[in-house]
Amino acid sequence: MKRPKIALIGGGNVGGTLALLIANQKLGDICILDIPDVENIMKGKALDVMQLRPHVGSDVNLMGTSDYEDLKNTDVAIITAGIARKPGMDREDLLNINIGIITEVANNLKQVAPNAFVIVLSNPLDAIVYSFYKISGFPKNQVVGMAGALDSGRFRTFVSMETGFSVEDIQCLVLGGHGDTMVPITRLSSVAGVPLEEVIPKDRIDEIVKRVRFAGGEIVKLYGTGSAYFAPAQCAIEMAEAYLMDKKRVIPCASLCEGEFGINGYFIGVPTVIGSGGVERILEFKLTTDEQAALDKTLEVIKKTVAETGV
Ligand code: APR
């Protein structure tokens, strides 16, 4: 069987980590694309990971490039291209720059790999994935944003740290936008099916939920120069693998809602079934009044950012 081809668009901290993890997992051949200024660094990263393969028994091939022609026949494209906010730059400046970058990526990718399944990580996530979808014209089942997997994984991590139970037996669900207004659904979170509310006192759950909301910022503060990259990369791989292996995983992802949860025409974090058809469906369920209100609130934030993109 032919190995799948995975394009990493943006080869910075997340992109480089993706290359390492994908090679380790032997998931597919890898092409790291970045801007011409850093093409040699991408070639270096590719060669470095190539030389790791004998030690893990991996035969996948890697290359670094700045030429979209090298992305022909891509099966999965994972987009982390963008810049992080620098001192003196406001949110709007950042958004404008990253919209410019995603426009370039979308216009190029549709020429060379119109059938790729695209996983977007660049921030502000919900607006960038929306822009990619609009600009590229890709079908909605081929475009998804990585956010909820990370937010839910952070929730699981903190519950495990609190209780000492294995992360494997902890289920947590976070819906909504990838920001402070995300919607952790505590009611449906559990330890091996036992409701979280029966395992952890309410005041501690509230503390954990608060930490989940600001977990990205907590890492930004610790790093000082950038944002999280190990966990985001692993989450994107989970989504890529669900597609390539037709797993029908149900993963919270930023997917295009067309009526689900009362949302129309926006990408937002919802339980998403990923299989060989890409985004195969959204697993809708009945929210409580409070949960729906929280989701409506996060939607307003997304709508505002999307309006600012001008896309
Ligand atoms: N085309 C391709 N790559 C680009 C482009 C472009 N037009 N513009 C910038 N890049 C590249 C940069 O050169 C850099 O190598 O995107 C890469 C971004 O890497 P980092 O700055 O290290 O950022 P990283 O930590 O990887 O995060 C990337 O993912 O999780 C999100 O919030 C995060 O939006 C950020 C993105």
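Just so you know, ligand 1 is whichever comes first in the structure, and atom 1 is the first atom listed for that ligand. The first residue in the sequence is number 1, and the count goes up from there.
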Tell me which donor-acceptor pairs under 3.5 Å the side chains of residues 11-22 have, and how far apart each pair is, sequence neighbours excluded?
unit_1 : atom_1 : unit_2 : atom_2 : d
Thr17  : OG1    : Asn13  : O      : 2.7

Next item on the list: Consider only side-chain N and O atoms of Asp296 and Gln292, and report whether a donor and an acceptor are under 3.5 Å apart.
Entry: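 Per modelled atom types, Asp296 and Gln292 side chains form a pair under 3.5 Å.
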Check: Do we see a donor-acceptor contact under 3.5 Å between the side chains of His178 and Asp151?
Finding: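 Indeed, the side chains of His178 and Asp151 share at least one donor-acceptor pair under 3.5 Å.
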Per-atom contacts, ligand 1 versus [X] - under 4.0 Å to a heavy atom:
| X | value |
| --- | --- |
| Asn123 | 31 (C), 32 (O), 33 (C), 34 (O) |
| Glu104 | 7 (N) |
| Ala81 | 2 (C), 3 (N), 4 (C), 5 (C), 16 (O) |
| Val14 | 24 (P), 25 (O), 26 (O), 27 (O) |

Taking distance alone, with no angle check, do [X] and ligand 1 share an N/O pair under 3.5 Å?
| X | value |
| --- | --- |
| Leu33 | no |
| Asp34 | yes |
| Ser122 | no |
| Tyr68 | no |

Nearest protein heavy atom with distance in Å, relative to [atom]:
| atom | answer |
| --- | --- |
| atom 1 (N) of ligand 1 | Ile35 CG2, 3.9 Å |
| atom 31 (C) of ligand 1 | Leu121 O, 3.3 Å |
| atom 19 (O) of ligand 1 | Gly12 CA, 3.3 Å |
| atom 8 (N) of ligand 1 | Ile101 CD1, 3.5 Å |
| atom 22 (O) of ligand 1 | Asn13 N, 2.8 Å |

Looking at [X] and [Y], does any basic side-chain N land under 4.0 Å from a carboxylate oxygen?
| X | Y | result |
| --- | --- | --- |
| Lys304 | Glu300 | no |
| Arg3 | Asp29 | yes |
| Asp206 | Lys202 | yes |

Margin query: I'd like to know whether ligand 1 has Gly82 as a neighbour, heavy-atom separation below 4.0 Å.
Written below: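 Yes, Gly82 has heavy atoms under 4.0 Å from ligand 1.
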Margin query: Tell me whether ligand 1 is touched by Pro232 - counting only heavy atoms on the residue side and a distance under 4.0 Å.
Written below: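 So Pro232 does not count as touching ligand 1.
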Pair up each side-chain donor or acceptor in residues 253-268 with any protein partner under 3.5 Å, not counting sequence neighbours, and list the distances.
unit_1 : atom_1 : unit_2 : atom_2 : d
Ser255 : OG     : Thr272 : OG1    : 2.8
Glu258 : OE1    : Lys140 : NZ     : 2.7
Glu260 : OE1    : Glu258 : N      : 2.7

Note to self: Using modelled atom types and a 3.5 Å cut-off, is there a donor and acceptor pairing between side-chain atoms of Ser160 and backbone atoms of Phe165?
What the structure shows: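 It does hold such a pair.
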Notebook entry, point to check: Does Arg156 reach the main-chain N or O of Ile170 with its side chain, forming a donor-acceptor pair under 3.5 Å?
Noted result: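 Side chain of Arg156 to backbone of Ile170, a donor-acceptor pair under 3.5 Å: yes, one is there.
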Notebook entry, point to check: Looking only at non-hydrogen atoms, which of Val120, Leu8, Ile128, Thr80 approaches atom 36 (C) of ligand 1 most closely?
Noted result: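 Considering heavy atoms of Val120, Leu8, Ile128, Thr80, the nearest to atom 36 (C) of ligand 1 sits in Thr80.
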Next item on the list: Using a cut-off of 6.0 Å, state whether more than 12 heavy atoms not belonging to Lys210 lie near its atom NZ.
Entry: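 Counting other residues, nucleotides and ligands, NZ of Lys210 stays at 12 neighbours or fewer.
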